[in-house]
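Just so it is clear: chains get the letters A, B, ... in the order the sequence lines come, proteins before strands, and each one is counted from 1.
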There are 2 protein chains.
Amino acid sequence: MATGRSHRPATRSRGIPEATVARLPLYLRALTALSERSVPTVSSEELAAAAGVNSAKLRKDFSYLGSYGTRGVGYDVEYLVYQISRELGLTQDWPVVIVGIGNLGAALANYGGFASRGFRVAALLDADASLAGRLVAGLPVRHIDELESIVADNQVSIGVIATPAGAAQEVTDRLVGAGVTSILNFAPTVLSVPDGVDVRKVDLSIELQILAFHEQRKAGETEGRQEPDGDVPAVMPA
Amino acid sequence: MATGRSHRPATRSRGIPEATVARLPLYLRALTALSERSVPTVSSEELAAAAGVNSAKLRKDFSYLGSYGTRGVGYDVEYLVYQISRELGLTQDWPVVIVGIGNLGAALANYGGFASRGFRVAALLDADASLAGRLVAGLPVRHIDELESIVADNQVSIGVIATPAGAAQEVTDRLVGAGVTSILNFAPTVLSVPDGVDVRKVDLSIELQILAFHEQRKAGETEGRQEPDGDVPAVMPA
DNA sequence: ATGTCTTTGTGAACGCGTGCACAAAGATGG
DNA sequence: CCATCTTTGTGCACGCGTTCACAAAGACAT
C-alpha cells in the first residue's frame, strides 16, 4: 500500500503556522470587500470582526508575515491585500483541472471564486464519453484519456476531484503520475498519495453530521429527553 | 450588530472533544464500507489506516464513547456503526432545507451522501420565481417565500445555504427566525447568528488557496527560486 | 517639541490535541 | 487451568494554537 498521508503533522511551513495559513484566505476576502468599498485603512479590531475571528489572533497571524501595520492607525488595505495574495501565491496563475463533471463538477466550473483569485480552469475531464464536447461554463468537457497530455501541456499542478468515490483513487493515481502535486478531493474517500503530494478534502456530508451531533445535543439539553447532561459515561441500556 | 460567532471556543460537548466529533463521520464511513463487505471485526490499526488517521488517536477517540472494543480481537463492526451513528444523532431523521438552487444547490440536492445518513431534503428553495416547480433531484423547487411555513411544518432544524454571498445573511436571518438552529453555509461570507445557533462553513476557494500556498512553497524549495528555505524573516525587496 | 491617545506587535501562560509506550484484559492453544 | 500472544485503553509528556495583557511605536494636536 502507498503511504497515504493526508494529515501532515502540522509542520509549520516557512515559519507560518498551518492554522494561520488557513485563515489568510478569510482575511483576504474581508480585505477585498473593504478594498471594493475604497476603505483606505482598517484596524485589527474591525478586520477581525469582518473575518469572524479574535483581534489578537489576527494581529499574531499578521505578525508572522511581517510588520505591515502602523500603530495608532491600523493596516493599509491595499498593501495588505497585496502582501497576503503574494504570501498565498495568488499573484501567479494556477491552472487547475476538474475531473468529474457531474452536478458538483459543473458547480465548481461555474464558481466565480476561482477565477477571481488566480485559479484558471485549464480543462474539464470526465470518463463519460457522451459528455465530451459539451460546454460547461464555457469550456468543452474532454475525455479522461486526455488527462496526461493536458496536465503536461498546461503545467497543471493542482487537480480537483469531483468524481464518485469509486473512481477517485484511480483518478488520483493518474493525476499524480502526470505531475499534479496538489489535490482537492470532494469524493468521500481517503486517498493514498506519495510523499510530497498535498491532499485537502471537502466532505459535504461530514459537515452535516457534525451539525447533527450538536443539534442532537441541543435537543437533549433543552427537552431533558436523553443524556441527563451530566458527564456520566451513560452505559447503553442493552 | 448581532453576536456573529461561528467559532465556538472548542467547548467539549458532553465530554467528547470537538476534534473527536469531527472524526466520527470519518470512522463511520470506513466502518460502513467494512460492513458492506461483511467484515465482522476490525482492529484499531486496520480501521485507522482505512480512515487515514493514527491508530492511537482512533483508540482514544473511541474511549470517549465508551469501551466498545475487545482486547486481543478488535471492534465489532456492526456494533460500532450503531454506536457512532447514535452518538452523531444519525439514528433519527433530520429534515433539511436547501436554499439557493443554482449549480451547487442542485449538486447538493442530488448528493447521495445525505439521504444515506438520515438527512432528508424537506424542500428546495430559491428566490428566482421562474425556477418554481422545476424538478431537481425529484423535488420541486419552491419559492423562498414559503420558507417559514415549510420550516415550521416539517420541523426543520438544519438549513443549507447555497446562495450567492449577497443573499446569505438575509436567508440566514429568515431561517433562524423560522426556527432553524444549525446552518451549513456554502456562501463565501461570515454569517451573524444569535447564540445557540451553530454555523459550519464550507468554502471551496479557501481550500484551493491553502493548496496554492503549499504548492508555491514546494516550487520555491525545489527550484531554489524564492525564499532560501531557511527561516529568515525575508524582508520584502521593495 | 512635547504630551496624549490610539493601535500594533508580542511575551507569557494556559489549554487542547496528539502520539508514545505500556499495563491490563481477554482470546486462544495446549 | 495455565501460558502466551494479541490488541485495547490510557497515563503522560510534548507541542501547537489561542488569548490576555501590556509595553513600544507612531499619529496627531497644541
Glu78(B) versus Tyr82(B), side-chain donor and acceptor atoms under 3.5 Å: no
Gap between atoms CG and C1', on Leu80(B) and dT8(D) respectively (whole Å): 13 Å
Rounded distance in Å - CG (Asp61(B)) to P (dT18(C)): 7 Å
Where Thr163(A) and Ala187(A) come nearest, the two heavy atoms and their spacing: O-CB, 3.5 Å
Touch class at under 4.0 angstrom, heavy-atom based, for Ser67(B) against every strand present: sugar-phosphate
Position toward the 5' end of DNA chain D (nearest nucleotide), Ser43(B) or Lys60(B): Ser43(B)
Selection from dG17(D), dT8(C), dT8(D) that lies nearest to any side-chain heavy atom of Pro17(A): dG17(D)
Heavy-atom closest pair, residues Pro188(B) and Asp203(B): CB-OD2, 3.6 Å
Glu46(B) CD - dT6(D) P separation (whole Å): 14 Å
Distance in angstrom units between Tyr64(B) OH and dT18(C) P, rounded: 9 Å
Interatomic distance, Glu45(B) CD vs dC20(C) C1' [rounded to whole Å]: 13 Å
Arg59(B) side-chain N/O to dT18(C) phosphate OP1/OP2 under 4.0 Å: no
Among dG17(D), dT18(C), dT18(D), the one nearest Lys57(A) by side-chain distance: dT18(D)
Nucleotide N/O to protein N/O under 3.5 Å, stretch nucleotides 24-26 of chain D:
unit_1	atom_1	unit_2	atom_2	d
dA24(D)	N3	Arg71(A)	NH1	2.7
dA25(D)	O4'	Arg71(A)	NE	3.4

Considering all heavy atoms, the nearest Tyr64(B)-Gly15(B) contact: CD2-O, 4.0 Å
Side-chain N,O (Ser44(B)) to OP1/OP2 (dT7(D)) below 4.0 Å: no
Residues in side-chain contact (heavy atoms from CB on, under 4.5 Å) contact with Ser63(A), at least two apart in sequence or another chain: Lys60(A)
Approximate separation, where rounding is to 0.5 Å, of His214(A) NE2 and Gln209(A) CD: 12.5 Å
Results of side chain to side chain donor-acceptor pair (under 3.5 Å) for Asp76(A) - residues two or more places apart only: none
Short side-chain N/O contact from Tyr75(B) to OP1 or OP2 of dG9(D), under 4.0 Å: yes
Distance in angstrom units between Leu58(A) CG and dT19(D) C1', rounded: 14 Å
Separation of dT7(C) C1' from Leu47(A) CG (nearest whole Å): 14 Å
Distance in angstrom units between Asp76(B) CG and dA27(C) C1', rounded: 15 Å
